[in-house]
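Just so it is clear, the values below take in all heavy atoms, side chains as well, and ignore hydrogens, waters and symmetry mates.
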Amino acid sequence: MKQSVGKVTPEERDAIQVLFERKNGLAELAKALPADNGVLYEKMVQDMGRTQTAFKKWWDDMSKKYAWKSIEGGNWEIDFDSCEVFLIEK
């Protein structure tokens, strides 16, 4: 089930979109980069950690700011075109 819980500003949307794209890009890089690539692999893992932390912080901050509805086991997603945020129930 998917229900609208609010909207964010275009600037807020832009911030999460950058993190979303970076997270996906790093995930693709992780698939292609061998773990034995030493320093480069370690830098990628650290960047993934920082990006994931920033991604989660954005959702935590926005959910507090806008008091979005939440449920156990659910998650939010954003429509990048409309800036609308949805609660997804699994």
Side-chain angles (χ1 to χ4, degrees):
M1 189 165 137
K2 179 177 177 176
Q3 63 178 296
S4 176
V5 293
K7 288 185 97 169
V8 295
T9 67
E11 294 80 15
E12 291 165 338
R13 182 258 337 257
D14 292 348
I16 195 63
Q17 189 168 18
V18 166
L19 292 169
F20 177 79
E21 290 171 359
R22 182 168 192 85
K23 190 172 81 135
N24 288 343
L26 288 166
E28 289 301 313
L29 179 60
K31 292 177 188 175
L33 189 65
D36 64 355
N37 200 323
V39 174
L40 185 57
Y41 185 81
E42 184 59 34
K43 285 183 178 187
M44 189 232 9
V45 168
Q46 289 174 358
D47 195 3
M48 285 178 78
R50 283 189 301 269
T51 302
Q52 184 62 35
T53 298
F55 187 82
K56 183 178 180 334
K57 182 179 182 329
W58 185 94
W59 283 106
D60 290 346
D61 291 348
M62 294 299 110
S63 70
K64 288 176 189 163
K65 177 179 179 178
Y66 293 109
W68 294 330
K69 177 182 176 182
S70 64
I71 57 167
E72 182 84 24
N75 64 292
W76 297 293
E77 72 177 34
I78 187 167
D79 179 321
F80 290 118
D81 293 327
S82 69
C83 298
E84 191 169 6
V85 175
F86 297 93
L87 175 60
I88 309 299
E89 297 182 48
K90 303 236 173 180

Task: S4 OG to L87 CG distance, which is reported to the nearest 0.5 Å - done: 10.0 Å

TODO: Sort out for me which residue in D14, V8, I16 forms a side chain to side chain contact (heavy atoms under 4.5 Å, CB included) with C83.
DONE: V8

Open item on the list: Using 30° and 60° as the class boundaries, would you call the ring planes of W76 and W59 parallel, tilted or perpendicular?
Closed with: parallel

TODO: Please report the shortest heavy-atom distance between T51 and L19, naming the atom on each side.
DONE: CG2-O, 3.8 Å

Task: Parallel, tilted or perpendicular: ring planes of Y66 versus W68, cut at 30 and 60 degrees - done: parallel

Task: Flag side-chain contact, heavy atom, 4.5 Å: Q52 against M48 - done: no

Task: Within one Ile-Leu-Val-Met-Phe-Trp-Tyr cluster: V18 and L26, side-chain cutoff 4.5 Å - done: no

Task: Remaining members of the apolar cluster that contains I88, side-chain heavy atoms under 4.5 Å - done: F86

Task: Exercise: identify the closest heavy-atom pair between E84 and K7 - done: CA-CG, 4.0 Å

TODO: Return the minimal non-hydrogen interatomic distance between R13 and D81, and the atom names on each side.
DONE: NH1-O, 4.1 Å

TODO: Answer yes or no: is there a side-chain heavy-atom contact under 4.5 Å between I78 and Q17?
DONE: no

Task: Distance, nearest 0.5 Å, that separates CD of E89 from CD1 of I71 - done: 3.5 Å

Task: Salt-bridge contact D60-K56 (side-chain N to carboxylate O under 4.0 Å) - done: yes

Task: From CE (M62) to NZ (K57), nearest 0.5 Å - done: 8.0 Å

Task: ring-ring contact (aromatic ring centres under 6.0 Å, His included) partners of Y41, counting only residues at least two apart - done: none

